[in-house]
Protein chains: 2
Amino acid sequence: MGDRKSRPDRERRRNERRGEFVEAARRAVAEHGIGVSMDQIAAEAGVTKPVLYRHFRDKDDLYAAVAADFVQRLLAELATVLGDSRDPTELLRTGIDCYLAMVERDPDLYRFLTRSARNSVIDDLAGRVSTQIAVVVGEQLREARRDSGPAEAWAHGIVGMVSAVGEWWITNPVIPRAALVQYLLDLLWRGFAGMAPVRTDAGGAGRPS
Amino acid sequence: MGDRKSRPDRERRRNERRGEFVEAARRAVAEHGIGVSMDQIAAEAGVTKPVLYRHFRDKDDLYAAVAADFVQRLLAELATVLGDSRDPTELLRTGIDCYLAMVERDPDLYRFLTRSARNSVIDDLAGRVSTQIAVVVGEQLREARRDSGPAEAWAHGIVGMVSAVGEWWITNPVIPRAALVQYLLDLLWRGFAGMAPVRTDAGGAGRPS
DNA sequence: GACTTGCCGTTACCATCAGTAACATCGAGG
DNA sequence: CCTCGATGTTACTGATGGTAACGGCAAGTC
């Protein structure tokens with residue numbers, strides 16, 4: 001079809017507008033909880049519903065945009081914080097910490113994304129993230145000359161673990177974030193094995209209570 | 001009004017009926033997918049909607065009943081299979097395997113429970129299961145004379161991990177269940193430690209491969 | 001046998017919400 | 001002046017969760 005390349009202005013404007021709506025959706029979620037309706041989001045954006053539907057095919061599409069925005073911010077933050085460290089431990093720790101930091105900063109948005117009704121868009125996104133992680137894990141496994149078979153399963157497992165813990169933690173913030181990150185890191189890094197041997201003299205993990 | 005203790009018949013009959021409806025819900029899910037409507041469930045049960053609502057306060061209540069049934073079956077199966085083994089490894093392996101076996105047996109029901117729209121009932125249930133697991137984990141940690149602080153976080157993490165992997169696996173059954181269980185067990189038991197460049201001071205861990 | 005009581009079932013309705021159709025407006029350019 | 005395209009609105013449809021109001025059936029009581 002001859003969509004004659006209308007001036008880039010148009011395209012840019014359109015993206016800007018999408019961004020505004022995504023932001024409005026975030027505000028609406030903050031105000032009305034995770035059960036926001038399209039009407040409420042539209043109202044928050046200062047327009048009415050059909051306008052929203054001119055920019056997003058359906059509600060899932062909006063959800064996806066919000067989620068993509070979230071992921072993008074997460075990745076940006078990760079890039080900032082990670083620098084160029086390739087140490088797997090740091091990768092893991094920083095990844096978990098960033099994720100939980102975002103959860104901590106915007107719990108409602110987080111719940112909106114994870115528990116936001118019927119849609120598989122978030123799943124897709126989580127799946128892509130998991131696949132990304134699987135690549136890294138696979139690399140690390142191969143580098144260590146180990147079977148890379150578990151990579152994908154592990155990746156999904158890690159994502160699920162961190163995500164579930166995040167959800168539990170935002171409603172039960174019984175411990176500071178740093179401690180939680182350390183716990184998860186311990187589990188993912190050394191596993192339960194660390195708990196079996198009774199090395200009483202090892203690094204002072206004695207009995208705090 | 002005199003709530004004269006009506007004969008236990010009444011109560012029993014009522015519970016039976018609830019059970020029938022739960023089963024009908026399972027069939028309806030199998031037939032219509034995870035987006036079943038109350039009308040469809042009622043039809044599957046051979047009645048109409050208001051009858052359903054005489055037995056369940058709302059849809060969440062029905063969901064909760066279905067989920068509780070699922071968990072009960074899971075626990076029963078666990079009890080059968082576990083016997084009285086207290087070996088943590090076996091506990092973990094059997095728990096994971098039972099869970100994935102149920103996921104494998106009834107994928108639609110599983111998706112229905114986990115991704116079934118707006119409700120926090122499933123969360124509550126998962127939370128209770130996690131808490132249960134946390135108790136066991138805490139015991140094991142204390143037995144090993146280690147800090148039991150991570151118990152709850154770990155429990156939620158394990159549940160989240162297994163659950164997420166289950167979800168990924170039912171849509172991507174690229175490996176047999178046994179292998180998947182082994183992968184998860186490896187990760188939870190020994191962690192990434194085996195894959196990292198050998199840590200010079202790590203003492204016992206070494207190369208388990 | 002008629003009368004109350006409690007359960008079971010129905011039809012018909014309401015409210016909410018995603019999504020759409022049709023119309024109104026404004027600015028740019030022939 | 002009129003068309004075109006983008007933006008906005010009001011007012012609708014359709015599906016679905018949930019409810020109200022009615023009717024009938026079985027059993028104990030007079």
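Quick caveat, the model's predicted, so the values are computed rather than measured. So that the names make sense, note that chain A is the first sequence line, chain B the second, and so on, each numbered from 1.
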Closest approach to the side chain of [X], judged atom by atom: which nucleotide of [options] is it?
| X | options | result |
| --- | --- | --- |
| B:Lys59 | D:dA21, D:dG17, D:dG8 | D:dG17 |
| B:Arg54 | C:dC17, D:dT7, D:dA21 | D:dA21 |
| A:Met38 | C:dA18, D:dT9, C:dT10 | C:dA18 |
| B:Pro50 | C:dA21, C:dT10, D:dG8 | C:dT10 |

Atom pair distance, as rounded to whole Å: [atom1] in [X] and [atom2] in [N]:
| X | N | atom1 | atom2 | answer |
| --- | --- | --- | --- | --- |
| B:Asp39 | C:dT10 | CG | P | 11 Å |
| A:Leu62 | C:dG19 | CG | C1' | 13 Å |
| B:Phe21 | C:dG9 | CZ | C1' | 10 Å |
| A:Tyr63 | C:dA18 | OH | C1' | 10 Å |
| A:Leu52 | C:dG19 | CG | P | 11 Å |
| A:Tyr53 | D:dT9 | OH | P | 15 Å |
| B:Ile41 | D:dT16 | CD1 | P | 12 Å |
| A:Asp60 | C:dC17 | CG | C1' | 14 Å |

(request) Check every strand shown and say whether B:Val51 touches a base, only sugar-phosphate, or nothing at a heavy-atom separation below 4.0 Å. (result)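 Answer is base: heavy atoms of B:Val51 come under 4.0 Å of a base.
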
(message) Over all strands shown, is A:Thr48 touching base, sugar-phosphate only, or nothing at heavy-atom distances under 4.0 angstrom?
(response)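 The answer is base, as A:Thr48 lies within the cut-off (heavy atoms under 4.0 Å) of a base atom.
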
(request) Can you label the angle between the B:Phe70 ring and the B:Tyr110 ring as parallel, tilted or perpendicular, going by 30° and 60°? (result)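 Ring orientation, 0 to 90° scale: tilted.
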
(message) Can you tell me how far apart OH (B:Tyr183) and CG (B:Leu180) are? Round to the nearest 0.5 Å.
(response) 9.0 Å

(request) Check each of B:Asp106, B:Val103, B:Val165 against B:Ile170 using the side chain to side chain contact (heavy atoms under 4.5 Å, CB included) test, and report the only one that passes. (result) B:Val103

(message) If you assign each of A:Lys49 and B:Asp58 to its closest nucleotide in DNA chain D, which residue comes earlier from the 5' end?
(response) A:Lys49

(request) Using modelled atom types only, decide if a donor and an acceptor are shared between the side chain of A:Ser37 and the backbone of A:Gln40 within a distance under 3.5 Å. (result) yes

(message) For B:Arg26, is there an ion pair with B:Glu23 - N to carboxylate O distance below 4.0 angstrom?
(response) no

